[in-house]
Amino acid sequence: MIEVYTDGSLSLDTASSSCDKWCAGIGLVVRVLNDSFPLSLNREEYYSIRYTKTDLCEISQLLCDEEVVTSTLIECLAFKEGLNIALQVKQNKGLIKFYVDDSLTIKIVRTYIDIILQGGDITKSRRFGVYMKLLSRILPNNIDILKKIKIQHISAHRNNK
């Protein structure tokens, strides 16, 4: 099993030119647990990625619009990056458990997964609009992968290990 802890942040610093007026960042902790002894840790890795506005536009045109970009969209990017790393580590085997501090991100990703697992069309979802459009571009629609994902809320800034 793999545990992935995600966090994302968005800075709208109009006084700074270093981030094209605004920038974002994500942090990830990826813990690979021993399959034979689930409480035994094989390894733990830490990742951080910084995005400028240009970087975000390259990921998706949706992320170019200052009116649309929110911290929740950045949290969705953190989820995507965590999933990519977990899939590389496990080569699509075993459970991937995510711990996310943004409750809206959890609802959005769960809705995305539910729609795909039920054979629905993401592009027809009106529930989250721009969020579903982004997820349909950055997350897999592979049912076998999505079935392995579990998401749990973890409170931020509460001294959680």
Side-chain angles (χ1 to χ4, degrees), residues 1-11 23-51 55-56 59-60 62-63 68-161:
M1 178 171 74
I2 294 182
E3 295 180 332
V4 181
Y5 296 80
T6 69
D7 199 9
S9 178
L10 175 65
S11 173
C23 59
I26 62 170
L28 303 167
V29 177
V30 178
R31 302 181 73 212
V32 181
L33 303 177
N34 187 325
D35 288 335
S36 302
F37 302 99
L39 297 178
S40 174
L41 182 65
N42 278 352
R43 73 179 192 257
E44 186 171 87
E45 299 173 2
Y46 302 87
Y47 299 86
S48 63
I49 301 171
R50 182 178 178 267
Y51 301 100
D55 297 330
L56 294 173
I59 294 168
S60 172
L62 289 172
L63 297 172
V68 171
V69 176
T70 64
S71 60
T72 298
L73 282 175
I74 304 307
E75 294 275 357
C76 289
L77 284 180
F79 185 89
K80 176 204 76 117
E81 293 295 343
L83 180 59
N84 288 346
I85 292 166
L87 291 174
Q88 289 172 9
V89 170
K90 282 297 232 187
Q91 288 108 29
N92 299 335
K93 298 176 187 171
L95 181 68
I96 305 169
K97 190 167 187 179
F98 282 85
Y99 295 91
V100 179
D101 71 344
D102 184 71
S103 58
L104 183 55
T105 300
I106 293 169
K107 289 177 188 174
I108 293 165
V109 171
R110 282 182 179 160
T111 300
Y112 172 85
I113 291 171
D114 289 345
I115 291 171
I116 296 294
L117 292 180
Q118 294 170 9
D121 185 355
I122 293 296
T123 61
K124 294 181 180 173
S125 172
R126 295 183 191 186
R127 186 164 182 194
F128 292 106
V130 71
Y131 296 109
M132 286 298 152
K133 287 179 186 176
L134 177 66
L135 291 181
S136 69
R137 292 180 181 148
I138 65 173
L139 289 182
N141 61 3
N142 182 316
I143 292 172
D144 293 332
I145 292 172
L146 297 177
K147 284 181 179 178
K148 297 173 186 174
I149 296 172
K150 303 296 177 207
I151 309 169
Q152 183 173 332
H153 183 262
I154 187 167
S155 296
H157 312 288
R158 300 281 195 279
N159 294 326
N160 293 317
K161 187 177 180 184

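In this text the structure is predicted, and so the values were computed from the model without any measurement.
- Looking at L146 and L139, their side chains never come closer than 4.5 Å, going by heavy atoms from C-beta outward.
- Considering I108, I115, I116 as possible partners of L135, the one that fulfils the side-chain contact (heavy atoms from CB on, under 4.5 Å) test is I108.
- Here the shortest heavy-atom pairing between A86 and I96 reads CB-CG2, 3.8 Å.
- Of all the heavy atoms in R50 and C23, the pair that sits closest is NH2-SG, 4.3 Å.
- Listed here is the closest heavy atom pair of G25 and I74: O-CG2, 3.7 Å.
- Contact detail for D101 and H153: the closest heavy-atom pair is O-NE2, 3.2 Å.
- To the nearest 0.5 Å, atoms OG (S48) and CD (E81) are separated by 11.5 Å.
- Each of T111, T70, T105 was checked for a side-chain contact (heavy atoms from CB on, under 4.5 Å) with Y131, and the lone residue meeting it is T70.
- What you find for R137 and S60 is that their closest heavy atoms are NH1-OG, 3.6 Å.
- For E75 (side chain) and G8 (main-chain N/O), a donor-acceptor pair under 3.5 Å exists by modelled atom type.
- With sequence neighbours left out, the side chain to side chain donor-acceptor pair (under 3.5 Å) criterion links T72 to D102.
- Shortest non-hydrogen contact noted between T6 and V4 is CG2-CG1, 3.8 Å.
- Comment: E44 engages R31 in a salt bridge, judged by a side-chain N to carboxylate O separation of less than 4.0 angstrom.
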